Amino acid sequence: KSKSERWYSRYNPGCDAPRALMLVSRVPSLGLGFLRGQRRMGGSSANVRNAHVTRAAGVQEPQTAFDYDVFVIGGGSGGVRASRMASSAGAKVGLCEMPFDLISSERAGGLGGTCVIRGCVPKKLFVYGSSFSSEFSDAAGYGWHVDKPRLDWEKLLFAKAKEVERLNGVYKRLLDNSDVKLHEGSGKLIDAHTIEITAKEGSTERVTARDILIATGGKAFKPDIPGAHLGITSDEALSLEKLPDRITIIGSGYIAVEFAGIFKGLGVDVDLIFRQALPLRGFDEDIRSTVDLNLRTRGINLYSNCEPTSVEQIAPGHFELQTSGNMLHTNLVIFATGRVPNTSRPDLGLNDVGVKLSQSGAIIVDSYSRTSVSNIWAVGDVTDRVNLTPVALMEGMAFVDTVVRSTPSMPDYSNIPCAVFSQPPVATVGLSEQDAISKGMKCDIYVSSFTPMKHSFANRCEKALMKLVVDSASKKVLGVHMVGPDAAEILQGFAVALKCGATKEDFDKTVGIHPSSAEEFVTMRTLTRKVG
């Protein structure tokens with residue numbers, strides 16, 4: 001028996017699997033779950049009745065067979081998770097992804113996607129590597145004699161590349177072990193059920209699928225200014241052959257702030273240019289001001305309220321960056337000016353089949369990740385909802401529940417925790433003070449700022465900050481925010497507390513772990529201010 005027949009027989013013992021599958025294959029808008037007498041998301045009772053009519057009338061029609069129940073375009077975090085879980089739920093699944101390369105291009109990508117190959121993972125490894133410079137300095141305060149430590153950049157770069165290649169192989173094995181068929185190449189929609197896959201050497205093949213999931217992620221964006229092509233993005237920044245003496249980073253979001261800390265820690269002079277008064281737009285204002293202070297304390301040159309206007313190369317490895325405020329001379333310009341949905345590199349054929357896009361180029365989806373074409377779905381950064389790897393995983397799981405398991409499931413975007421791996425890092429979950437005020441809420445604000453104990457002997461002025469946003473009426477904790485060592489590790493647990501609806505009283509009744517920074521969240525008793 002085929003996989004689909006085995007799947008059908010498991011849920012419908014005693015029935016004629018081949019005939020039932022043949023009938024349902026002629027109704028593309030129905031998923032495998034229809035075989036169990038269940039309807040998928042988006043169908044009214046009338047639609048279900050019509051489906052039965054279509055299915056019955058289809059007995060006399062020619063059979064329509066699909067190569068796959070589900071086909072996924074894109075092998076990043078969301079695509080791989082969705083394909084594996086769909087296969088484990090009984091669907092026949094295929095996936096296409098472009099060949100592996102450390103730097104993405106029109107014809108190169110790799111299993112694991114941005115996060116694994118040229119994003120979260122290698123960036124975090126570089127954060128670890130760059131943080132040793134401050135650790136060496138701190139060690140002197142604790143009596144250690146460290147004689148002029150020296151960075152071997154080539155060794156670090158090689159170790160990073162080796163680890164990324166290993167993880168790329170892990171993702172391939174995960175697909176193999178999950179019985180997902182991998183097609184190496186770029187995918188393009190020919191019609192609502194047909195995908196053309198173009199291999200690296202240019203050969204093509206076509207496959208068909210009842211449902212198609214697009215999970216092609218995002219790509220780095222450069223502003224439209226003269227000389228922008230002379231700068232690089234985060235893709236290339238993680239694979240520099242040689243460290244320059246000075247790097248100028250344009251931007252103030254996650255990537256910009258993280259790379260500023262990385263390269264400063266690796267011994268490079270760093271300029272950080274951004275349009276706002278403070279870095280990390282969208283985060284709580286107390287978080288932003290603390291990060292601003294810590295960046296300056298680390299010796300990073302900040303140029304706030306400043307916009308780049310042009311880049312000019314004056315000699316190999318030497319550039320002039322003209323801004324709205326001044327002229328800067330640098331050896332390398334990195335544009336960390338955001339990412340955009342990857343719907344055009346390469347062409348996915350979305351317009352040809354009627355998949356609607358937003359003005360930013362994102363695929364427009366409903367609450368269940370369905371596009372304007374009923375059997376085509378999209379998850380992850382390509383939809384430009386909440387652009388975080390764990391969110392793409394959540395959306396992929398909801399897709400499987402909805403399409404394969406026939407249990408309509410919407411991703412839950414409430415209280416999503418996130419972290420910025422600046423040095424020291426930032427982590428946050430829930431509403432910022434400004435978010436709460438904009439929603440018309442009255443809140444109690446608790447803030448504690450202090451020098452972490454570890455810095456006591458280090459002669460470092462770096463600050464940690466902890467903050468709670470509490471609803472004044474219900475005393476429910478609405479937001480938890482932190483800047484300081486191990487912020488991400490600490491906030492993951494508090495994210496669970498917020499998901500469970502914890503109140504300030506619950507926090508106050510919790511016994512702290514002493515001595516730790518984390519205990520500050522459960523010992524804050526003095527109200528800082530009331531807002532709203």
Side-chain angles (χ1 to χ4, degrees), residues 119 123 126-127 130 218-238 244 246-266 268-312 319-340 360 384 387-388 418-428 432-435 462-463 465 481 483 487:
K123 169 205 69 184
F126 277 7
V127 168
S130 63
K219 58 184 179 181
F221 167 80
K222 290 182 182 180
D224 184 17
I225 62 172
H229 65 282
L230 297 171
I232 66 171
T233 68
S234 55
D235 279 15
E236 298 87 3
L238 288 164
R246 177 176 291 275
I247 291 176
T248 301
I249 301 171
I250 301 170
S252 67
Y254 290 76
I255 297 172
V257 170
E258 290 169 345
F259 274 92
I262 287 169
F263 286 115
K264 183 62 181 179
L266 295 175
V268 179
D269 289 329
V270 176
D271 305 315
L272 186 61
I273 297 174
F274 47 95
R275 293 182 295 180
Q276 306 291 320
L278 294 169
L280 294 179
R281 181 171 62 89
F283 283 77
D284 187 274
E285 288 297 306
D286 286 330
I287 295 291
R288 298 178 70 191
S289 59
T290 302
V291 170
D292 185 274
L293 174 63
N294 287 341
L295 288 170
R296 296 178 190 275
T297 300
R298 293 245 172 175
I300 296 168
N301 307 307
L302 268 57
Y303 297 87
S304 60
N305 300 305
C306 188
E307 277 196 72
T309 56
S310 67
V311 182
E312 183 179 352
F319 301 90
E320 284 185 346
L321 175 64
Q322 181 66 55
T323 75
S324 55
N326 48 24
M327 173 81 76
L328 296 177
H329 291 267
T330 187
N331 302 117
L332 182 66
V333 176
I334 299 178
F335 287 102
T337 43
R339 298 179 65 81
V340 295
S360 67
D384 200 21
N387 297 335
L388 297 169
C418 65
V420 182
F421 291 99
S422 50
Q423 300 183 40
V426 172
T428 180
S432 68
E433 179 180 340
Q434 294 70 39
D435 289 337
E462 211 158 75
K463 289 293 182 182
L465 179 129
H481 310 274
V483 180

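Everything numeric in this text was worked out from a predicted model, so none of it was measured.
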Shortest non-hydrogen contact from [X] to [Y]?
X	Y	result
Asp235	Arg339	OD1-NH1, 4.3 Å
Pro308	Ile250	CG-CG2, 3.6 Å
Lys222	Thr233	CE-CG2, 3.7 Å
Val311	Leu230	O-CD1, 3.6 Å
Leu388	Cys418	CD1-CB, 4.0 Å
Thr290	Asp286	OG1-O, 2.8 Å

In Å and rounded to the nearest 0.5 Å, what is the [atom1] to [atom2] distance from [X] to [Y]?
X	Y	atom1	atom2	value
Ile334	Ile249	CD1	CD1	5.0 Å
Phe126	Glu258	CZ	CD	13.5 Å
Phe283	Ser252	CZ	OG	10.5 Å

Those residues that, when tested against [X], pass side chain to side chain contact (heavy atoms under 4.5 Å, CB included) (two or more places apart):
X	value
Ser130	Ile262, Leu266, Gln423
Asp292	Phe274, Leu278, Pro279, Arg296, Leu302
Lys219	Val340, Asn342, Ser344, Arg345
Thr248	Asp271, Ile273, Leu321, Leu328, Thr330

Using the test side-chain hydrogen bond (donor to acceptor under 3.5 Å, both in side chains), find all partners of [X] that sit at least two apart in sequence or belong to another chain.
X	answer
Gln322	none
Lys264	none
Ser289	none

Only counting residues at least two apart or in another chain, list the ones meeting salt bridge (Lys or Arg N to Asp or Glu O under 4.0 Å) with Glu433.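 Glu433: salt bridge (Lys or Arg N to Asp or Glu O under 4.0 Å) contacts with Lys467, Arg529.
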
Holding to salt bridge (Lys or Arg N to Asp or Glu O under 4.0 Å), I want the full list of residues that pass it with Glu285, two or more places apart in sequence or in another chain.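 Checked Glu285 against salt bridge (Lys or Arg N to Asp or Glu O under 4.0 Å); matches are Arg288.
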
Is there a donor-acceptor pair under 3.5 Å between the side chain of Ser324 and the backbone N or O of Glu307?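 Side chain of Ser324 to backbone of Glu307, a donor-acceptor pair under 3.5 Å: yes, one is there.
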
Does any part of the side chain of Thr428, heavy atoms only, come nearer than 4.5 Å to the side chain of Asp284, both counted from C-beta?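 Sidechains of Thr428 and Asp284: no contact.
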
Listed partners of Phe263 passing ring-ring contact (aromatic ring centres under 6.0 Å, His included), at least two apart: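 For Phe263, the residues satisfying ring-ring contact (aromatic ring centres under 6.0 Å, His included) (neighbours in sequence not counted) are Phe259.
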
Can you name the ring-ring contact (aromatic ring centres under 6.0 Å, His included) partners of Phe421, sequence neighbours left out?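 For Phe421, no residue satisfies ring-ring contact (aromatic ring centres under 6.0 Å, His included) once neighbours in sequence are set aside.
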
Please list all pairs meeting ring pair (Phe, Tyr, Trp, His ring centres under 6.0 Å) that have one or both residues in residues 319-338, counting only residues at least two apart or in different chains.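 Qualifying pairs: none.
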
How far apart are the C-alpha atoms of Asn294 and Thr297, what are their side-chain angles, what is the distance that settles it, and do they pass the side chain to side chain donor-acceptor pair (under 3.5 Å) test? CA-CA 5 Å; Asn294 287 341; Thr297 300; 4.8 Å; no

